[in-house]
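Comments concern the structure below.
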Amino acid sequence: MVIKEVYFQLPKQGKLLLCCDDASRGNPGYAGYGFVGRLSSGDFLIAISGGLGISTNYYAEIFAILMAGEWAIHHGFKDLVFRTDSQAVINAFQSNNLLWFAITRWENICVEVISWSFKHSYREVNFSADKVAKRGALLGRGEQSVYERKPSFVSCLENPNRCIFDFVRNLL
C-alpha cells in the first residue's frame, strides 16, 4: 500500500462547483444520485438527493451530472465545474460517447453554458456528495430531496486547506 496525499480544490472565481456522486445497494440495485453546489468562495449553495429505483452505478453517476447541470442552468449559472470520482463517466462526457438517454439532455446543457469542465477526485475528497447520494439511494424512483442549507447529515464540507490521505495499492 502507498499513502497518497490528496486535496480538495475550489474552482476559479466565478465558476460553480458541482460535486456529483452516485450510490447503490448492489450493481444493479436500488440507486440514487446526489450533488452539492458550491460557489468559488467555498460557500454552500444547494444539495439535492434523488432516487432512481433499480439502476447501475454508471447510469446513476451520469444522472447525477445531468441533474446538477440542469439545476445550474435553470438557476442562471453558466461556468460549471463537475467533480466526480468516476473517470469512465468523465471520459464519456468529454468524448460525447453517452448513453442514449443522456445525449439530448447534455446537448441542452452545453447550449446554455459558457464553459464546463470535469475534475476527477477521489471519493475521500468528494465526501459531501457521497453522503447526499447515499440518501438518494434510500428514496423511491423519482423522489427528490432538496437542501437549500447544508444538511445536518453532512457534518462539514470539504476544505481546500486540509490534507486527506488515500491508501492506494502499489501495483509495482
Side-chain angles (χ1 to χ4, degrees), residues 6-87 89-90 93 102 105 109 113 116-166:
V6 291
Y7 292 89
F8 174 81
Q9 295 175 340
L10 290 168
K12 292 181 180 175
Q13 185 69 29
K15 294 187 177 286
L16 176 66
L17 177 62
L18 297 162
C19 299
C20 305
D21 205 3
D22 72 297
S24 68
R25 295 178 279 158
N27 191 24
Y30 288 99
Y33 66 89
F35 69 88
V36 176
R38 295 183 62 186
L39 301 173
S40 57
S41 63
D43 292 339
F44 175 88
L45 185 62
I46 191 77
I48 297 180
S49 299
L52 296 173
I54 295 180
S55 178
T56 65
N57 296 52
Y58 186 74
Y59 178 95
E61 191 81 44
I62 286 176
F63 208 83
I65 290 168
L66 293 174
M67 294 301 287
E70 289 170 348
W71 180 90
I73 63 171
H74 180 73
H75 288 86
F77 293 95
K78 303 286 186 182
D79 287 319
L80 310 178
V81 177
F82 297 92
R83 178 181 289 275
T84 176
D85 61 6
S86 174
Q87 188 62 53
V89 168
I90 291 172
F93 277 96
R105 292 174 76 172
I109 292 167
V113 300
W116 55 265
S117 63
F118 284 89
K119 179 87 174 148
H120 179 263
S121 65
Y122 294 97
R123 179 172 288 120
E124 291 79 6
V125 292
N126 205 21
F127 59 81
S128 60
D130 182 61
K131 288 181 180 183
V132 173
K134 285 179 179 171
R135 290 288 174 124
L138 300 174
L139 298 173
R141 181 183 173 130
E143 288 184 311
Q144 198 177 64
S145 295
V146 178
Y147 306 93
E148 294 178 343
R149 293 192 178 104
K150 183 177 73 67
S152 60
F153 60 85
V154 177
S155 56
C156 65
L157 295 173
E158 296 84 352
N159 182 339
N161 300 317
R162 192 171 117 214
C163 176
I164 298 170
F165 296 98
D166 188 33

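Nearest approach of Cys156 to Phe127, heavy atoms of both residues: O-CE1, 3.2 Å. Taking all atoms of both residues into account, the shortest heavy-atom contact from Ala102 to Leu66 is CB-CD1, 3.6 Å. Here the closest non-hydrogen pair linking Ala60 and Ser55 is N-OG, 4.1 Å. Minimum heavy-atom separation, Ala64 to Phe35: O-CD2, 4.2 Å. Residues Val132 and Ile48 share a closest heavy-atom pair of CG1-O, 3.2 Å. Listed here is the closest heavy atom pair of Ser40 and Pro11: CB-O, 3.6 Å.
Listed for the His75 side chain is a donor-acceptor partner under 3.5 Å among the backbone atoms of Trp71.
Within a 6.0 Å radius of CD in Gln87, other residues, nucleotides and ligands contribute more than 12 heavy atoms. Within a 6.0 Å radius of CZ in Arg141, other residues, nucleotides and ligands contribute 12 heavy atoms or fewer. With a 6.0 Å radius and a threshold of 12 heavy atoms from other residues, nucleotides or ligands, Tyr59 has its OH atom above the threshold. Residue-environment remark: NZ (Lys12) stays at or below the threshold of 12 foreign heavy atoms within 6.0 Å. Summarising the local packing, NZ of Lys150 is surrounded by more than 12 heavy atoms from other residues, nucleotides or ligands at distances under 6.0 Å.
The side-chain heavy atoms of Arg38 and Leu45, taken from C-beta on, include no pair separated by under 4.5 Å. Using a 4.5 Å heavy-atom cutoff, the side chains of Pro160 and Gln9 are not in contact. Residues Lys134 and Asp130 have side chains in contact (heavy-atom distance under 4.5 Å, counting atoms from C-beta outward). Residues Phe93 and Ile62 have side chains in contact (heavy-atom distance under 4.5 Å, counting atoms from C-beta outward). Residues Leu16 and Val81 are not in side-chain contact: their nearest non-hydrogen atoms beyond the backbone lie 4.5 Å or more apart. Val146 is listed as a side-chain neighbour of Ile46, based on a closest heavy-atom distance under 4.5 Å. By the 4.5 Å heavy-atom criterion applied to side chains, Cys19 and Phe8 are counted as neighbours. With a 4.5 Å cut-off on side-chain heavy atoms, Leu18 and Arg83 do not count as touching.
Defined by atom type and a distance below 3.5 Å, a donor-acceptor pair is present between the side-chain atoms of Glu158 and Ser128. Residues Asp85 and Ser121 bring no donor and acceptor atom of their side chains to less than 3.5 Å of each other.
Note that OG of Ser86 is 9.0 Å distant from CG of Asn57, once rounded to the nearest 0.5 Å. The line from CG of Leu10 to OG of Ser41 is 7.5 Å long, rounded to the nearest 0.5 Å. Rounded to the nearest 0.5 Å, atoms CG (Asn126) and NE2 (His120) are 9.5 Å apart. Distance check, rounded to the nearest 0.5 Å: CG of Asp79 to CG of Leu17 gives 12.5 Å. Note that CD1 of Ile65 is 5.0 Å distant from OG1 of Thr84, once rounded to the nearest 0.5 Å.
A cation-pi contact, defined as under 6.0 Å to the ring centre and within 45° of the axis, links Arg105 to Phe63.
Relative orientation of the Phe82 and Phe118 rings is parallel, given thresholds of 30° and 60° on the angle between their planes.
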Quick one: do Gln144 and Tyr33 satisfy side-chain contact (heavy atoms from CB on, under 4.5 Å)? Show the steps, please.
CA-CA 9 Å; Gln144 198 177 64; Tyr33 66 89; 2.9 Å; yes
From CA spacing to verdict: side-chain contact (heavy atoms from CB on, under 4.5 Å), Ser24, Thr56:
CA-CA 7 Å; Ser24 68; Thr56 65; over 6 Å; no
Begin from the C-alpha positions of Glu61 and Asp21 and carry the test side-chain contact (heavy atoms from CB on, under 4.5 Å) through to its verdict.
CA-CA 6 Å; Glu61 191 81 44; Asp21 205 3; 3.4 Å; yes
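Arg135 is linked by a salt bridge (charged side-chain N to carboxylate O under 4.0 Å, His left out) to nothing, counting only residues two or more places apart in sequence or in another chain.
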